[in-house]
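Convention: sequence-line order gives letters A, B, ...; per-chain numbering from 1.
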Protein chains: 2
Amino acid sequence: MSMDFAPPKYAQVMRAIQERIESGEYAPGDMLPSETQLVRELGVGRTTVVRALQTLAMQGWIEREHGRGSFVKGRPESGADRVRPSLTATEQGESPESLVEVARVSAPRYVAKLLGVAERTPVIMRRRAAREGDLPSAVETVWIPLEIAVGSDLDKPEPLRSGIRRHLQAVKHLRFDHITERVTARKPTKDEVELLGSSNPVLGVLSTVHDPAGTVLLAMSLALPGSLHELEDVYKVS
Amino acid sequence: MSMDFAPPKYAQVMRAIQERIESGEYAPGDMLPSETQLVRELGVGRTTVVRALQTLAMQGWIEREHGRGSFVKGRPESGADRVRPSLTATEQGESPESLVEVARVSAPRYVAKLLGVAERTPVIMRRRAAREGDLPSAVETVWIPLEIAVGSDLDKPEPLRSGIRRHLQAVKHLRFDHITERVTARKPTKDEVELLGSSNPVLGVLSTVHDPAGTVLLAMSLALPGSLHELEDVYKVS
DNA sequence: AATGGCCACTCGTCCGCACAAGTGGCCGAG
DNA sequence: CTCGGCCACTTGTGCGGACGAGTGGCCATT
């Protein structure tokens, strides 16, 4: 009784072609074998070959031209290699040295706006100074509504070794769904200058973390010194 | 002799289902009619229905569960609402007032690196000061390799009314495929201070524009005053 | 030499059919 | 009542065939 699963044939065909592209056997610009040739070569039906080719085209590996053939484009860029500073911040663990402050404060206007609550509503604030080697590399401030923080230890000055995301998932069963992020350039605040040891311009990132229903779970403010951080992004042009 | 084109049937099936989802006839969570029911109802083959449903699933409209059925998820979020400053810059037209300078210069190190040429290679530089109303809102500098610029009028100090992208497409048949972009925070250069009328921190955007083969067509450097610009982004969390 | 038609080749779409495999309810044996 | 098997339903995958339509080269006619 063998428990071996064979992936579907169309996926095998896709893999075969992807490997030939990555190995350089099929170079960008080359024409692929025609559908009927692949049918003969691989011993599958045309339906299967067509499905594989169309999926590859949708994923950006190849381009298909009616009446001419299918042509290699290369390994598609995922666009997922984009830097997402807010997500990183929620996943990084806190250490005793990096955790700067945990406090219950009344929400400043911009935080209240992000959280969708009234100004001066009490919230929990956690601030952390990330380090790269010896040097301070970023200041991350998280603001948590009381409803979310209650019973989660987030109001206690103990470092969260596993990061906020895992912590909220484990303790309160909250799932992160998406993050909205706004990046600008600004001067660091006085607090940030102290922690960073420099008053050079910073990338200011304001973000909110949402659950699947769209409810705001957290707000965040990051200060990333421009001399240390670059946000890279690759995108297709229509 | 009628010239009417009918879209392919699988696309018609997709449209029909999308409309029913948007009208609320099929609400999120609902089970769609089974494949065989849709076959009867719409008078097409199962192949067609399956292709439509699988494409809808790939686009995030529905979810399919083996042995259970297909279920409505709702209109998918595009994620394409992200701000792409470099793309905007290549599409914006130049006006006589905004165009600051066009010159043939030897490429500074960082530009040579972006373009993949030797330092001090001659290149064309075009600089533009974008305005929002009366106020200067950004400085955009484009660097064009001579091979690309030759015979394109890009080296002439005439404003490109239609933007660089359209111009290169029309005159030299060059197609933009993707853009890579690196954003950081920095102080504006002296030139930029003059044009912007302020020395507040700017978002510094360095980008390269590529054709489908990956060749670099242009390099760009943007200075976006932090007080005026925010780069917004929304992303899913795995 | 230029032109237009033919033809072989390509991909695009669609059909009907078949069988595998997952799910859940019904029902009879225990 | 409980459990296990059966069955009807679902989607997943695969085949072969058919016709349409776009492309480009060959070739005879002009």
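The residue among A/H66 and A/K9 whose nearest nucleotide of DNA chain D is located toward the 5' end is A/K9. Each of B/V50 and B/Q37 has a nearest nucleotide on DNA chain D; the 5'-most of these lies closest to B/Q37.
Comparing C/dG12, D/dT13, D/dT23 by their nearest atom to the side chain of A/R68 picks out D/dT23. The listed nucleotides are C/dC11, D/dT10, C/dT13; the one nearest the side chain of A/S70 is C/dC11. Here D/dT11 is the nucleotide among C/dT10, D/dT11, C/dC14 with the atom lying nearest to any side-chain atom of B/R46. Listed candidates were D/dT10, C/dT10, D/dG24. Nearest to the side chain of A/M31 is C/dT10. Of the candidate nucleotides C/dT13, D/dT11, D/dG14, C/dT13 has the atom nearest to the side chain of B/R51.
Rounded to whole angstrom, the span from the CD atom of B/E65 across to the C1' atom of C/dT23 amounts to 10 Å. Computed from coordinates, the A/Y10 OH to D/dC15 P distance equals 13 Å when rounded to whole Å. Distance B/F71 CZ to C/dT23 C1': 10 Å, rounded to the nearest Å. Distance, A/L38 CG to C/dC9 P: 16 Å, rounded to whole Å. In this structure, B/E35 places its CD atom 15 Å from C1' of C/dG16, rounding to the nearest Å. For the pair A/R40 CZ and D/dG16 C1', the interatomic distance rounds to 15 Å; values are reported in whole Å. Nucleotide D/dT10 holds its P atom 19 Å from the CD atom of B/E63, rounded to whole Å.
Contacts of B/T47 with the nucleic acid, taken as non-hydrogen atoms under 4.0 Å apart, include base atoms. The residue A/G67 sits close to a base: some heavy atom pair falls under 4.0 Å.
A donor-acceptor pair under 3.5 Å is absent between the side-chain atoms of B/K73 and the main chain of B/A57, judged by distance alone. With A/T48 contributing its side chain and A/Y10 its backbone, the two residues share no donor-acceptor pair below 3.5 Å.
Other residues, nucleotides and ligands contribute only 12 or fewer heavy atoms inside 6.0 Å of the CD atom of B/E63.
The side chain of A/S34 contributes no N or O atom lying less than 4.0 Å from OP1 or OP2 of C/dC9.
Between B/R126 and B/E94 there is a salt bridge, with a side-chain nitrogen of the basic residue lying less than 4.0 Å from a carboxylate oxygen of the acidic one.
Ring planes of A/H210 and A/H178: parallel class, angle under 30° (limits at 30 and 60°).
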